[in-house]
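What follows is a set of notes on a single structure, which appears directly below.
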Amino acid sequence: MGRVVLVTGGAGYVGSHTVVELLKADHTVIVVDNCVNAAKATEGDGLPPALERVQKITGKTLTFHELSLLNRQALVNVFSKYKVDVVIHLAALKAVGESVEKPLAYYANNITGTLNLLEVMSEVGVKSLIFSSSATVYGVPQYLPADEKHPTGVGVTNPYGQTKYVCEQIMKDLAIADKDWRIVLLRYFNPVGSHESGLIGEDPNGIPNNLVPYISQVAIGRRPHVNVFGNDYSTPDGTGVRDYIHVVDLALGHEVAIAKIFQPDFTGAKAYNLGTGMGISVLEMINAFSKACGKEIPYKIVGRREGDVATVVASCALAEKELNWKATRGLDQMCEDTWRWQRLNPNGFS
Ligand SMILES: NC(=O)c1ccc[n+]([C@@H]2O[C@H](COP(=O)([O-])OP(=O)(O)OC[C@H]3O[C@@H](n4cnc5c(N)ncnc54)[C@H](O)[C@@H]3O)[C@@H](O)[C@H]2O)c1
């Protein structure tokens with residue numbers, strides 16, 4: 001059944017891919033985004049380029065409002081215009097390193113923005129929410145693979161991760177206080193890849209924070225080599241191992257979360273990991289990308305980064321059991337799709 005879905009941060013990387021899947025599933029989509037980390041419309045009140053391309057991919061239309069979640073009145077105005085069934089809340093600042101340098105900006109944007117959204121939703125009686133959380137809430141994992149019962153908020157090493165943990169806590173408390181709330185907390189592992197069309201993808205501002213966009217910019221010649229932070233971890237090749245998930249699989253996770261939230265017996269706030277459960281090392285990723293783009297990716301081994309851990313992988317058994325969701329796209333497809341996007345859009349959306 002088609003729902004009216006309001007997507008905060010829908011012009012961003014995960015958001016644009018999620019909106020594609022929502023439109024394909026016949027939902028009506030309203031995006032709000034202030035474009036702090038997304039290319040803006042080239043003219044007046046048009047759509048940001050990522051959303052123009054979403055319409056091109058799907059042959060369907062969506063509605064866009066450029067606004068910040070920090071502007072409470074603007075949010076009230078949007079909610080008064082539509083009969084929203086469910087909100088997918090992706091809007092956040094997400095650069096871990098920057099969050100260490102600018103903690104106040106991160107706490108203000110991610111926590112105040114979320115509080116405004118929850119307050120306005122409460123006022124207008126929209127109490128169904130899907131939240132973009134992160135594996136960072138597990139801190140330094142105490143066991144692997146990390147399942148949803150793993151302690152959260154212990155050893156979270158940066159303000160960005162803290163904002164995800166605090167937002168989860170706020171939502172859990174809200175769902176305890178008011179039984180009408182239905183909340184799904186999606187804990188993403190490491191989203192990579194792009195839509196197979198090559199029309200949308202990750203378009204980082206400045207130096208990419210994440211491995212795959214960095215490798216991709218080396219492959220296209222925008223950067224000389226990849227820095228590999230440490231090759232003396234207790235992993236098979238000594239480099240860090242992470243659980244990478246194709247962004248289209250992740251996007252489909254939101255679609256099944258909507259179905260879950262509207263099941264009559266669903267209550268409270270419930271967390272699900274979205275990953276693959278498979279660990280991929282930095283060197284394995286570099287090798288797979290070299291294969292996908294047909295050239296050797298140069299890299300240099302440098303010292304470990306503070307706060308990095310050897311291995312983080314998800315247990316995704318709960319999402320498989322309760323959401324009937326499983327990632328199906330493998331490493332080669334992650335690299336091929338990223339490369340297609342990068343090759344066709346060497347300078348991203350600009
Ligand atoms: N990409 C990842 O590696 C990853 C991993 C785990 C969790 N997440 C979470 O998933 C969500 C989406 O991530 P992404 O990779 O698509 O990031 P992104 O930066 O591409 O998208 C976030 C969007 O939110 C918008 N935004 C930020 N603050 C806003 C505000 N105050 N008001 C309105 N819009 C605002 C930005 O302009 C951007 O378009 C974020 O919440 C992020 O923390 C991402």
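Numbering of ligands and ligand atoms starts at 1, following listing order.
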Item to check | Donor + acceptor pair across side chains of R340, N345 (<3.5 Å) | outcome: no
Checklist entry - Without hydrogens or angle criteria, can the side chains of Q162 and N158 be said to hold a donor-acceptor pair below 3.5 Å? => result no
Checklist entry - CD/E336 to CZ/R343 distance, rounded to the nearest 0.5 angstrom? => result 10.5 Å
Item to check | Side-chain donor or acceptor of H27 paired with backbone N/O of R3 under 3.5 Å | outcome: yes
Item to check | From V29, V14, I130, residue fulfilling side chain to side chain contact (heavy atoms under 4.5 Å, CB included) relative to V7 | outcome: V29
Checklist entry - Backbone N or O of N231 within a donor-acceptor pair of the T239 side chain at under 3.5 Å? => result no
Next on the checklist: As a test of reading the model: which residues have a non-hydrogen atom less than 4.0 Å away from ligand 1?
Outcome noted: G9, A11, G12, Y13, V14, D33, N34, C35, V36, N37, A38, L67, S68, L69, L90, A91, A92, K94, N109, S132, S133, S134, Y160, K164, Y188, F189, P191, N210
